[in-house]
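Sequence lines set the chain letters: A, B, ... in the order given, protein chains first and strands last, and positions in each chain run from 1.
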Number of protein chains: 4
Amino acid sequence: MARKPAKQAVDSDSSDPKKSELTRIRILDATARVLSEKGYAGTRLTDVAKYAELQAPAIYYYFSSREDLIEEVMFAGISDMRQHLRAELDRLPDGTPPMERIVFAVETHLRHELELSDYATASIRNSGQIPEHLRSRQKKEAAAYDRIWRKLFSDARADGQLRDDIDDKLAQALVVGALNWAAEWWDPRRASLDTIVANAQTFVRHSLSPLPAPDEPTGRKSKRKTPAANS
Amino acid sequence: MARKPAKQAVDSDSSDPKKSELTRIRILDATARVLSEKGYAGTRLTDVAKYAELQAPAIYYYFSSREDLIEEVMFAGISDMRQHLRAELDRLPDGTPPMERIVFAVETHLRHELELSDYATASIRNSGQIPEHLRSRQKKEAAAYDRIWRKLFSDARADGQLRDDIDDKLAQALVVGALNWAAEWWDPRRASLDTIVANAQTFVRHSLSPLPAPDEPTGRKSKRKTPAANS
Amino acid sequence: MARKPAKQAVDSDSSDPKKSELTRIRILDATARVLSEKGYAGTRLTDVAKYAELQAPAIYYYFSSREDLIEEVMFAGISDMRQHLRAELDRLPDGTPPMERIVFAVETHLRHELELSDYATASIRNSGQIPEHLRSRQKKEAAAYDRIWRKLFSDARADGQLRDDIDDKLAQALVVGALNWAAEWWDPRRASLDTIVANAQTFVRHSLSPLPAPDEPTGRKSKRKTPAANS
Amino acid sequence: MARKPAKQAVDSDSSDPKKSELTRIRILDATARVLSEKGYAGTRLTDVAKYAELQAPAIYYYFSSREDLIEEVMFAGISDMRQHLRAELDRLPDGTPPMERIVFAVETHLRHELELSDYATASIRNSGQIPEHLRSRQKKEAAAYDRIWRKLFSDARADGQLRDDIDDKLAQALVVGALNWAAEWWDPRRASLDTIVANAQTFVRHSLSPLPAPDEPTGRKSKRKTPAANS
DNA sequence: AATGAATGAGTCTTCATTCAT
DNA sequence: GATGAATGAAGACTCATTCAT
């Protein structure tokens, strides 16, 4: 549920993170949650405070305004996502074929979005609703995130692993869209995350590949063979 | 009843489109627009009034409350979508193969969402944000809409036109998600709607088909052969 | 108590000033009063509303913000003062000797400040306390007001009616200061306004004149011969 | 007791100026400053703390509440003034003529107000704005201060040194008012304090005297002969 | 002696809603 | 049918004040 505490670990060299910093994170977490549930305009500081288990004015001890707070959450959402994907991709063996990299990115995006972080959902869902002046930092990160995917697709294209009758950018938009939307419908009780991942991977692989793909050889944690739901 | 603007209302069978009814529609249209731009909580009656070119209190002559108004727009969004898809599918020749029907549904959904109606976008984007007590009617419509797609998929499955290694429901969710998300990124200046449609159709067809599909034979208005963007 | 309704009369050609405009003026009057009693920072919209006999949010129907409202009152204070003094001086016969004009200005300033207007007091008392960005309009008016007095003094100087051993500008500052401060101590029960005026005139005349002045010949309404208090 | 800053506290008879006492004074000084700049309601403990170079809660170690602190500053302002004037007057040679004593008081008041103390300005400017329950001590001091001046005037009157056509009390109010107001306009860059003093003395002397006064013989530090500004 | 963290009371401001016209 | 005027409820934000350390 809580966002990856990457920052905190980086910020404080000591092994004892201060109570203050924890409170700050509690506020951010609470905001991410409310934001993803209620949307930008619906995010009340009182609700945030409730989840963070403090009084609303206390928020101002940590953030100078509601907008600041929200901006930070929105930024963290996309920024964490980018860093996470970047890091995961970098861990793949050098020779990994482009399509495998795409399929791996699908898994990474999905797991991050659904498992790790309200921040991602908050960021994804509200990117169209926050006022312009809160967007600058996110725009840059979003562009960078887009570039990662673009590279995956152009590599695949160069390698002849993308269908001719499909446009790279549009295909990318459709793929990422399908993944983003998963946050709207995924219900852990309906299908396990592993199942979702496996299905999404198959789905994407075939939507893009020029020929019927051989049996998929990759898939980090998804060892399931039968991707049927209700697992 | 008229969902999309004045034109439609004027075209309607009612021989006397009263000014009153037109105003009512102007308000609904304005609400759909604001709702899709600002989200549920961000939708202010003053903004609605601005677009509808009247004063906020005038809205109360037509709707008993903000919630009522919004509920009606949200309902209309999903309801129109369902009726539209239903009607279009019914126009297909009887023998149309299941996969062709799916691909046709893709086009219909996409065109309706992107071309025809702020209502659809409003409905799609805010389905997760409106309070429970406004949801009942929509839920039913959404379920009905879902059933249409489900039937398309189960028919395709029965006909052996869906890959074995993919779950029907999840595939459906991924497909519809990819389409829904298009409203977030589509920019008419970047790619024509026809292009989007063609790409999405190819994308979906192959993501689902067990074998490389033959050259797609259908596509109402999309006569384009090369689905590359920037058309 | 109420400010001279100059504006209102000017704004509306009809003899029936709208209720709305009256409310607006009630708010301004209330603000002037609170402002002069409590100071800039102490001016609560709730207090203003109380005196204006409405609810605080109603103020926003007429003014876009507390600052706007206050700015308008402060501006009106100095602006009315200037216009009033200007108009009164212009009514003096052409040949009026410079010192008589000064003494007449003393009366005008005093009567306006003490009798007519909370606006003047509000403006005088708070000129040093309002934030910079509310000051621009007032500064100009204040400068213009200052210029009127400056002219009075320089004319008197040119005419040899000012003592040699006193600086024009400093004398002016002392005179106007003595008058401004009257708002702090004047209690109608202690001394009539006429008495104050007569004393202030005598005081100023002799503080400035090079020689013992002859029996003062002027004084609009102050026919009193013995300027003793408790009149 | 020490009113004006550290220096004075250091000079004081207490042989052990504890750090604690110095901090207390820093807080008082800071308060006087903020109070005279922002007014009663505008005086925030955070601002006070800033000038005193500590954190706001630290103030509570020295004062039990904001009101207490402000009350003390306001009281000190008028009290110091009174003591100062009293002490200075007592140093005048016994035979000093009443008018000389008045003129000397003018200088003392002015120098104290403009040169020595934010306390005086704070006290002067805010006497009308602080809530009733903070006033009692000041009222007494103010009355005592008033009595000093009253005595100066009644002595002058008894001695035939005041014009007949002017009321003692009103004259006194005008004189002190002119002096008090100086804090509002005096800019050290525009005119030296000595110049102000000299001009104010001349101004007052002639405003009150029944006959053209002889060359003024007194003036502690003001050796200037030509009271023109910009010295 | 002083601060970091937090709170409660209150203030400005927004907004849906009402009502007389 | 529609608006001008006004209100009540709620939300962001400020600030004096407290308390543990």
Side-chain angles (χ1 to χ4, degrees), chain A residues 18-24 41-49 52-70, chain B residues 18-24 41-49 52-70, chain C residues 18-24 41-49 52-69, chain D residues 18-24 27 41-49 52-70:
Chain A
K18 293 201 208 94
K19 188 185 160 212
S20 170
E21 180 61 13
L22 289 177
T23 306
R24 190 183 145 86
T43 297
R44 306 271 133 75
L45 290 191
T46 11
D47 292 340
V48 170
E53 288 172 53
L54 37 68
Q55 303 300 314
I59 294 171
Y60 287 85
Y61 187 79
Y62 297 91
F63 301 89
S64 63
S65 73
R66 173 184 178 273
E67 292 201 337
D68 249 47
L69 169 59
I70 290 180
Chain B
K18 293 199 207 106
K19 191 184 159 214
S20 170
E21 179 61 11
L22 288 178
T23 307
R24 188 184 148 85
T43 295
R44 294 181 313 226
L45 291 192
T46 359
D47 290 342
V48 169
E53 287 171 38
L54 37 68
Q55 302 299 315
I59 295 172
Y60 286 84
Y61 186 83
Y62 299 92
F63 301 90
S64 66
S65 73
R66 173 183 180 270
E67 292 201 337
D68 252 45
L69 169 59
I70 290 181
Chain C
K18 293 203 209 93
K19 188 186 161 212
S20 170
E21 182 60 12
L22 289 178
T23 306
R24 190 185 145 85
T43 297
R44 306 272 134 76
L45 291 190
T46 12
D47 292 340
V48 170
E53 287 172 51
L54 37 68
Q55 302 301 312
I59 295 172
Y60 286 83
Y61 187 80
Y62 298 91
F63 301 90
S64 64
S65 72
R66 173 183 179 272
E67 292 201 338
D68 249 47
L69 169 59
Chain D
K18 293 200 206 104
K19 188 186 161 214
S20 170
E21 181 59 14
L22 289 178
T23 307
R24 189 183 147 84
I27 295 173
T43 296
R44 293 182 314 225
L45 293 191
T46 0
D47 290 342
V48 170
E53 288 172 41
L54 37 70
Q55 301 300 315
I59 295 172
Y60 286 83
Y61 187 83
Y62 300 92
F63 301 89
S64 65
S65 73
R66 171 182 181 271
E67 293 201 337
D68 252 46
L69 168 59
I70 290 180

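Each of Glu67(C) and Glu67(B) has a nearest nucleotide on DNA chain E; the 5'-most of these lies closest to Glu67(C). Along DNA chain F, the nucleotide closest to Arg44(A) and the one closest to Gln55(C) are compared, and the more 5′ of them pairs with Gln55(C).
Contact annotation: Thr23(A) side-chain N/O to dA6(E) OP1/OP2 distance is under 4.0 Å. Close to dA5(E), at under 4.0 Å from its OP1 or OP2, lies a side-chain N or O of Ser20(A).
Without hydrogens or angle criteria, Arg24(D) side chain to Tyr61(D) main chain gives no donor-acceptor distance under 3.5 Å. For the pair Ser64(A) (side chain) and Tyr60(A) (backbone), a donor-acceptor distance under 3.5 Å is absent.
Atom pair Lys18(A):NZ and dA20(F):P shows a separation of 21 Å (rounding to whole Å applied). Straight-line distance from the NZ atom of Lys19(A) to the C1' atom of dA20(F): 9 Å, rounded to whole Å. The separation between Leu45(B) atom CG and dT7(F) atom P is 20 Å, rounded to whole Å. Put simply, CD1 on Ile70(B) is 13 Å from C1' on dC15(E), counting in whole angstrom units. Summarising the geometry, the separation between CD on Glu53(A) and P on dT7(E) is reported as 11 Å, rounded to the nearest angstrom. To the nearest angstrom, C1' of dG8(F) lies 14 Å from CG of Leu54(C).
Across all strands shown, dT21(F) forms a Watson-Crick or G-U wobble pair, both distances under 3.5 Å, with dA2(E).
Taking all atoms of both residues into account, the shortest heavy-atom contact from Leu45(C) to Ile59(C) is O-CD1, 3.7 Å. Across every non-hydrogen atom of Ala56(D) and Ala49(D), the tightest pair is N-CB, 3.5 Å.
Here Ile27(D) contributes atom CD1 and Leu69(D) contributes atom CG; the two are 7.5 Å apart, rounded to the nearest 0.5 Å. One distance of note links CZ of Arg44(D) with CZ of Arg66(D); it measures 10.5 Å at 0.5 Å rounding.
Contacts with DNA chain E (heavy atom under 4.0 Å) in residues 57-66 of chain B: Pro57(B), Tyr60(B), Ser65(B), Arg66(B), listed by number.
Summarising the local packing, CD of Glu67(A) is surrounded by more than 12 heavy atoms from other residues, nucleotides or ligands at distances under 6.0 Å.
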